[in-house]
Amino acid sequence: MRILLQVMAALFLTSLAWVLVYRWVAPPATWLMLDRRAHAPVGKGYYGIREEGRRISYDFKSLDDVAPQVPLALIAAEDQLFLKHHGFDFNALQRAVKTNMQEGHKLVGGSTISQQVAKNVFLWHGRSYVRKAAEAYFTVLIELLWSKRRIMEMYLNVAEMGDCIFGVEAAAERYFHKPANQLSTAEAALLAGVLPNPLRFRASNPGPAARAKQRRVMRNMRRLGGTTYIRAILED
């Protein structure tokens, strides 16, 4: 029991230090980046997969170096209660559980941006109770130790936005041939709209489904109040 407690204490202190370091330091890589570097993803309908020359495109940028439309679009697309919750949207989780229990329905998620950051930055991808428990643990830590600004900054830099493409800076350069601080509202909405599955939806040559998602994100951006809504993050 003493050894077990010592191991648990060591794991806790290590994870705490890890989260604190990333409060100020950009991650050199994530587990998903390393996996994508080593193996091409396999799936029906995947687009733009590189079989060879699998070099990761990743350029961490401060929130000040990204157009304000970008974090607004991500909130509008992924987590409209981001500024209000403390890491978990229990209503969304409950709706997701009910939907997933219905036969014939496509599986949906109820993760917040904070949960996605915890998964993307600190954990491996996969479906298991162990990973979900670890995700909840790291979500609590980053909500306690980081600001909402840092959580959003981390999210828009490490989110997968195409095969071997991570973060809005790399995505903006690849798809629109411009830096992320020059993205328009429509371009930011398109990037945010393809995030649920960036290997299927194409930001560079969007089809009807991607365009429909883009229009929905833009409507949500207007409903939230436009870029004035994002000042709470930018001034945090």
Side-chain angles (χ1 to χ4, degrees), residues 22-27 30 33 57-89 92 111-121 139 142-143 145-162 165-198 201-204 206 210-236:
Y22 280 177
R23 181 177 177 177
W24 296 282
V25 177
T30 66
M33 290 180 193
S57 296
Y58 165 61
D59 188 1
F60 197 99
K61 292 292 182 180
S62 164
L63 204 59
D64 294 327
D65 296 324
V66 174
Q69 291 89 344
V70 174
L72 176 62
L74 294 174
I75 291 174
E78 297 287 295
D79 183 4
Q80 295 177 40
L81 297 178
F82 174 67
L83 295 180
K84 298 180 179 180
H85 64 63
H86 297 289
F88 305 94
D89 184 347
S111 296
T112 63
I113 284 176
S114 299
Q115 288 176 274
Q116 293 181 57
V117 168
K119 176 186 68 177
N120 291 339
V121 175
T139 299
I142 65 174
E143 281 282 341
L145 300 175
W146 294 359
S147 64
K148 288 289 187 179
R149 174 189 173 95
R150 183 56 174 173
I151 294 173
M152 173 55 67
E153 191 170 70
M154 193 70 75
Y155 182 61
L156 61 81
N157 275 289
V158 303
E160 185 178 28
M161 295 189 168
I165 302 171
F166 289 85
V168 295
E169 182 68 20
E173 293 286 356
R174 175 64 61 86
Y175 301 134
F176 306 118
H177 311 292
K178 63 173 70 173
N181 62 4
Q182 295 180 14
L183 288 174
S184 67
T185 298
E187 291 165 342
L190 182 58
L191 287 180
V194 303
L195 262 184
N197 199 330
F201 297 108
R202 298 169 292 178
S204 57
R211 287 298 186 189
K213 287 176 176 289
Q214 179 191 36
R215 291 191 294 270
R216 184 164 64 248
V217 172
M218 292 178 71
R219 286 196 300 270
N220 289 338
M221 292 169 72
R222 290 191 294 270
R223 185 175 57 79
L224 287 171
T227 54
T228 56
Y229 176 82
I230 215 69
R231 288 176 183 170
I233 293 179
L234 297 177
E235 296 173 359
D236 195 340

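Numbering of residues begins at 1 and proceeds along the displayed sequence.
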Heavy-atom side-chain contact between Arg149 and Pro71 under 4.5 Å: no

Leu183 side, atom CG; Gln69 side, atom CD - distance, nearest 0.5 Å: 8.0 Å

Check: Ala170 main-chain N/O paired with Glu173 side-chain donor or acceptor under 3.5 Å: no

Spatial distance of atom CZ (Arg211) from atom CG (Leu190) [nearest 0.5 Å]: 5.5 Å

Glu169 side chain vs Asn157 backbone, donor-acceptor pair below 3.5 Å: no

Smallest separation among heavy atoms of Met154 and Val25, with atom names: CE-O, 4.5 Å

Student check: side-chain heavy atoms of Glu78 and Pro196 closer than 4.5 Å: yes

Lys61 vs Val168 side-chain heavy atoms within contact, under 4.5 Å: no

Side-chain touch Lys84/Asp89, heavy atoms, less than 4.5 angstrom: no

From OG (Ser114) to NZ (Lys119), nearest 0.5 Å: 13.0 Å

Shortest non-hydrogen contact between Ala188 and Ala73, atoms and distance: O-CB, 3.6 Å

From CA spacing to verdict: side chain to side chain contact (heavy atoms under 4.5 Å, CB included), Ile230, Ile75: CA-CA 9 Å; Ile230 215 69; Ile75 291 174; 3.6 Å; yes

Atom pair CG/CD1 of Asn120 and Ile113 - distance to nearest 0.5 Å: 11.0 Å

Intermediate values then yes/no, side chain to side chain contact (heavy atoms under 4.5 Å, CB included), Tyr22 and Val117: CA-CA 12 Å; Tyr22 280 177; Val117 168; over 6 Å; no

Test log, rule side chain to side chain contact (heavy atoms under 4.5 Å, CB included), inputs Phe60 and Glu153: CA-CA 9 Å; Phe60 197 99; Glu153 191 170 70; 4.3 Å; yes

Student check: side-chain heavy atoms of Leu195 and Tyr155 closer than 4.5 Å: yes

Least distance between heavy atoms, Met218 atom then Ala186 atom: SD-CA, 4.1 Å

Sub-4.5 Å side-chain heavy-atom contact between Thr112 and Asp79: yes

Check: Ser184 main-chain N/O paired with Glu187 side-chain donor or acceptor under 3.5 Å: yes

Shortest non-hydrogen separation from Ala192 to Val217 and the atoms involved: CB-CG1, 4.5 Å

Minimum heavy-atom distance between Arg150 and Ala26, given as atom pair plus value: NH2-N, 4.0 Å

Taking every non-hydrogen atom, the tightest pair across Ala203 and Tyr175: CB-CD1, 3.6 Å

Verdict with supporting geometry, Tyr58 and Thr30, side chain to side chain contact (heavy atoms under 4.5 Å, CB included): CA-CA 11 Å; Tyr58 165 61; Thr30 66; 6.0 Å; no

Close side-chain approach of Val70 and Leu191, heavy atoms under 4.5 Å: no

Distance, nearest 0.5 Å, that separates OG1 of Thr139 from CD of Gln116: 10.0 Å

Nearest-0.5 Å distance, NZ of residue Lys148 to NE2 of residue His85: 4.5 Å

Minimum side-chain heavy-atom gap Lys213-Pro206 below 4.5 Å: no

